[in-house]
**Student:** 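Can you read through this structure? Questions will come right after.
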Amino acid sequence: MAGLFIDVEVDESVTGDADLARRLEEACPVDIYADAGGRVEVVEGNLDECVLCRLCIDAAPAGTVRVKKLYDGTELAAR
Amino acid sequence: MRFFEYESRRILERERIPITQSGHATTPEEARRIADEVGGPVVIKSQVLTGGRMKAGGVKFAETPEECEAYARDILALEINGHVPRGVLVAAKAPIAQEYYAGVIYDGVRKLPTFVFSDMGGIDIEEVAETHPEHIGRGHFSTVLPHMDFRAKDAIAQTGLTGRELTRLTPILSALARLFVKYDMTLAEINPLVRLEDGSFVAVDAHMDMENEARPRHKALLAELGVGEDETREAREATPFEIEGERIDSVDHRGVAGNVTEFDGNLGLVIGAGGGSLTLFDAVRRHGGRPANYCEIGGNPSVSKAANLTKLVLQKPGVEKIAVMMSIVSNTRVDIVARGVIKACVELGFDPAEKIAIFRIPGAWEEEGFKILERYGVEYADRSVSMHEAARIAVEKVSGGGADGAGPLRGEETDAEKPPAERLAGAGEVVEG
Ligand code: SF4
């Protein structure tokens, strides 16, 4: 389930990438990603804490992680 | 944090300020033993952190140790204004020739401590200031520069004292000033400070109040006095509402969303940023509003922390609407607070547009915050609307007046209604939080 303000989508092609799971868990300052035994897990309860820092987008292969702002219908763009 | 009289006396003793011989007793037998040691007439005083001891029968004079024991028994069983005494103080009854007042308080306007001295001691100093202002001497001093005795001397001399009295009182008032700074006090007073018949000076009663935030710096002193770490020493017990506010703040280390004080009004306040909360609280009152609470938000709290505090306020019985207001924020993010307060409304089943009377937090990430507020139809204001004006709008809305309507309020729509001083205050607002 998405948050009230933020939703995050991780492309299925990379959810099993153990290295990415570790990197995302490390990168996100508000614990939106968890490394669930080598799989990327999105912690739904933390979604609304997203600080729009783009660190997850930078840490993932281009286009595989999308951070959506539900209040204005836009997405965080890669730097 | 307030000290009991017996503790204040120990602090004076520590700093070598002369006091009458005394002891603290928690049983009538102990009180008798102390009276025996003092050897002469004594005064027995209830140890409570409230006024009106004398009127309530919490202060008695005894000629003998037996009499002291009997009075101590009565006083120990006597509740004063709902306060159970923390024992009794048994002190020598001094042969008084003259009473004075010596105090140091913090002047919040000048941001400096100030001496207050009077040659009319033993009575309420506010009353003296009102009825005999010529008997009060004052003077600020620095907390940074080395203390100079002449500043204390000058304050005393303003009351007309000269010669021996002036010379002997100066080191006492100076020592009180040093103690004030050393222990981070907000109040240190001796009332009365007395001249005995033999010409010497002693403190007969003392009151001290330490800045709460400074407690960790004075662990040794507090341990020596036996003050427990969990003793709050507040004027009243915290209410369940306030305890919950404290819990919300302590369980999440991110930012501040707490320092909650309960009032019985109908306008819930989610306010903060440095002195912003005080200013905003006062502004609400000035416009005739009845705040349901005081609180402080700052340091960029998480969304969940802001939401939990907002939920607490929203669920308080009697709260009709909330006002979310801060001075201009720099490290607290507008969008994060906006998410928090809206989330609280939605999760409690309220319409944010209806429940939030006004959202006035300008500053970091405001464009993002305003997008969120617009999405939920919440009326918001940017920095061109002063805190005073925002408070007025909130008060009008909760009282049933005011123009309801989503979207932004701009200064040009409201500035004309403000006196010039307020417009200036808005323009020169300090960035905080
Ligand atoms: S943008 Fe930042 S805060 Fe948001 S999910 Fe990505 S890493 Fe976490």
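Below, chains carry the letters A, B, ... as their sequence lines are ordered, and counting in each starts from 1.
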**Student:** Under 4.5 Å from any heavy atom of chain A, what part of Glu347(B) do you find: side chain, backbone, both or neither?
**Tutor:** neither

**Student:** Could you name each residue pair satisfying ring pair (Phe, Tyr, Trp, His ring centres under 6.0 Å) that touches residues 326-365 of chain B, not counting sequence neighbours?
**Tutor:** none

**Student:** One thing to verify: whether Lys371(B) and Glu367(B) come together as a salt bridge, which I'm taking to mean a side-chain N less than 4.0 angstrom from a carboxylate O.
**Tutor:**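 Result for this pair is no, no salt bridge flagged.
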
**Student:** Mind checking which of residues 48-66 of chain A sit less than 4.5 Å from chain B, heavy atom to heavy atom?
**Tutor:** Asp48(A), Glu49(A), Cys50(A), Val51(A), Leu52(A)

**Student:** Any carboxylate oxygen within less than 4.0 angstrom of a Lys/Arg side-chain nitrogen, looking at Arg22(A) and Asp35(A)?
**Tutor:** no

**Student:** Ignoring hydrogens and angles, state whether a donor on the side chain of Asn266(B) or Glu320(B) is under 3.5 Å from an acceptor on the partner side chain.
**Tutor:**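 Yes, because at least one side-chain N or O of Asn266(B) sits under 3.5 Å from a partner of the opposite role on Glu320(B).
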
**Student:** Whether Glu262(B) and Lys316(B) form a salt bridge (side-chain N of Lys/Arg under 4.0 Å from carboxylate O of Asp/Glu) is what I want to check.
**Tutor:** yes

**Student:** For Ile336(B), is it the side chain, the backbone, both, or neither that has a heavy atom closer than 4.5 Å to a heavy atom of chain A?
**Tutor:**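 The side chain, not the backbone.
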
**Student:** Taking NZ, NE, NH1 and NH2 as the nitrogens, is one of them in Glu229(B) or Arg215(B) under 4.0 Å from a carboxylate oxygen of the other?
**Tutor:**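 No salt bridge links Glu229(B) with Arg215(B).
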
**Student:** If the threshold is 4.0 Å, N to carboxylate O, is there a salt bridge linking Arg285(B) and Asp282(B)?
**Tutor:** no

**Student:** Tell me the ring pair (Phe, Tyr, Trp, His ring centres under 6.0 Å) pairs involving residues 49-79 of chain A, sequence neighbours left out?
**Tutor:**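 Residue pairs passing ring pair (Phe, Tyr, Trp, His ring centres under 6.0 Å), neighbours aside: none found.
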
**Student:** Using the ring of each side chain (for Trp, its six-membered ring), is Phe370(B) parallel, tilted or perpendicular to Tyr380(B), with breaks at 30° and 60°?
**Tutor:** parallel

**Student:** Can you tell me if Glu374(B) and Tyr376(B) form a side-chain donor-acceptor pair at under 3.5 Å?
**Tutor:** no

**Student:** Could you please state which residues from residues 239-254 of chain B sit under 4.5 angstrom from chain A, measuring non-hydrogen atom to non-hydrogen atom, sorted by number, or 'none'?
**Tutor:** Arg254(B)

